[in-house]
Each structure stands twice: as C-alpha cells, then as structure tokens.
Amino acid sequence: EAGVTQSPTHLIKTRGQQVTLRCSPISGHTSVYWYQQALGLGLQFLLWYDEGEERNRGNFPPRFSGRQFPNYSSELNVNALELEDSALYLCASSTGVISGNTIYFGEGSWLTVV
Amino acid sequence: GNSVTQMEGPVTLSEEAFLTINCTYTATGYPSLFWYVQYPGEGLQLLLKATKADDKGSNKGFEATYRKETTSFHLEKGSVQVSDSAVYFCALAAYSGAGSYQLTFGKGTKLSVIP
C-alpha cells in the first residue's frame, strides 16, 4: 500500500514568488494535515482538511492557504514567499477525526527561498 | 490549550546505553499519545502510540507508558544502537478548545549514538 506522497521533494524559489505543494494521502484516508518544520523551530501546525473542508488552521498568515480535492488529495499554496518560509513542509493523513487514529506522514517537500 | 513538553537535546549516548527521553503533556479531555521519529533527511515515522491511561506502546525495542496521573509519556530503550540516531518527537492528539481535532508536537529531541 502506498504511503503519503508529496511533490516536489525539493524546490528553490525567489522571494516574492508563489509556490504550490501537493500531497496524496493514503488510500482510504479522508483527513490531510500540513505542517511546517523550519530549522530549529520544531513542527508547526498549518492546516487540517477533512472531507474537502478546512477544519482547523494554525497561526500562519493568510498567504498560506490550501484546499482538498474530491479524491482527498491536497495542495498547499504559499504566496509572496519570504526568506523565513524556507522549511520542510510535511503532509500527513489519517482515516478521520477520532482521537487515536494514527497520522501518517509523507517524506516532505524541502522549500528554499532565496 | 494542548501542549507537549519534551526534554531538550541534543542527547549523546554510547552504543548499548540506556535511553530515556522525557515527555509531559497538557490537554483537555483524554488525548492519545505518540512518539514519532525522524531520521536524517526524512519525514516523520510513527514509532509507537498509546490511546488510554496505563497503555504501553512498544516498537523496535522502544517503550513508553501513558501515565495519566503524572501526564507523562516518557520514551525508553534499554540498549541503543548507532542506527537509533534521529530526532524524536512526542505528540498528542486531542480535541482543541475550538472543538476541532489537532495533533500537537513537542519540539523534538535529537539523539546521537556513538560507537
């Protein structure tokens, strides 16, 4: 069974540009989560989608946005990139919202903003 | 709100030494608790989990027991190997104050095992 897949794995963007990161959850999983892991800052919760709707949002500016498609895949969009957006962006999926369901992570997308 | 506090690293141990990484939490309701591991250059992998008080999660020689009375979920391994070198994250899953479900992570503890 395929795990959570993310693309691209690495990318370099210039400050002010826009980026789209993609995530395909494990088959049968309806919830998708996005996290930012910046150097030295641990994992910061960005967004949670379930059944196509945004359920929760972390403490990030509006230029971070996303969506979930009918097939449960998801995109994370970041507009007006800033140098501090350089980080590993991790996508995760789970079968639903009930506490205790294991959340599985992808390998991440490494974003470097120059 | 929910929070996880884990011991700061880095932790450096010799091969075959005993490992303990402390983790305590604050949460409303009855959270599930997890340990995730991140090997260099990779994403996070679930190491073990426990969903209710007194449950013990175990995997690859690692263990952690859900202690509700001390709100703790300390990670232990009796004999570490060089291949255990990684960053370890303690996490909890619970409903937040806004009624939504969220996974909250500790800041991570970097473990280096030397031969």
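Just so it is clear: chains get the letters A, B, ... in the order the sequence lines come, proteins before strands, and each one is counted from 1.
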For atom [atom1] of [X], is the number of surrounding heavy atoms from other residues, nucleotides or ligands below 6.0 Å larger than 12?
{"X": "B:Ile114", "atom1": "CD1", "answer": "yes"}
{"X": "A:Arg15", "atom1": "CZ", "answer": "no"}
{"X": "B:Glu8", "atom1": "CD", "answer": "no"}
{"X": "B:Glu16", "atom1": "CD", "answer": "no"}
{"X": "A:Asn71", "atom1": "CG", "answer": "yes"}

### Summary
Applying a strict 4.5 Å limit to non-hydrogen atoms, the region of A:Gln37 in contact with chain B is side chain
### Message
Quick check: do B:Tyr36 and A:Ile103 have side-chain heavy atoms less than 4.5 Å from each other?
### Response
yes
### Query
Do B:Leu44 and A:Leu43 touch side chain to side chain, with heavy atoms closer than 4.5 Å?
yes
### Message
Against B:Phe105, only a single residue in A:Tyr33, A:Phe45, A:Phe105 fulfils ring-ring contact (aromatic ring centres under 6.0 Å, His included); can you say which?
### Response
A:Phe105
### Query
So what's closer than 4.5 Å to chain A heavy atoms on B:Gln38: side chain, backbone, both or neither?
side chain
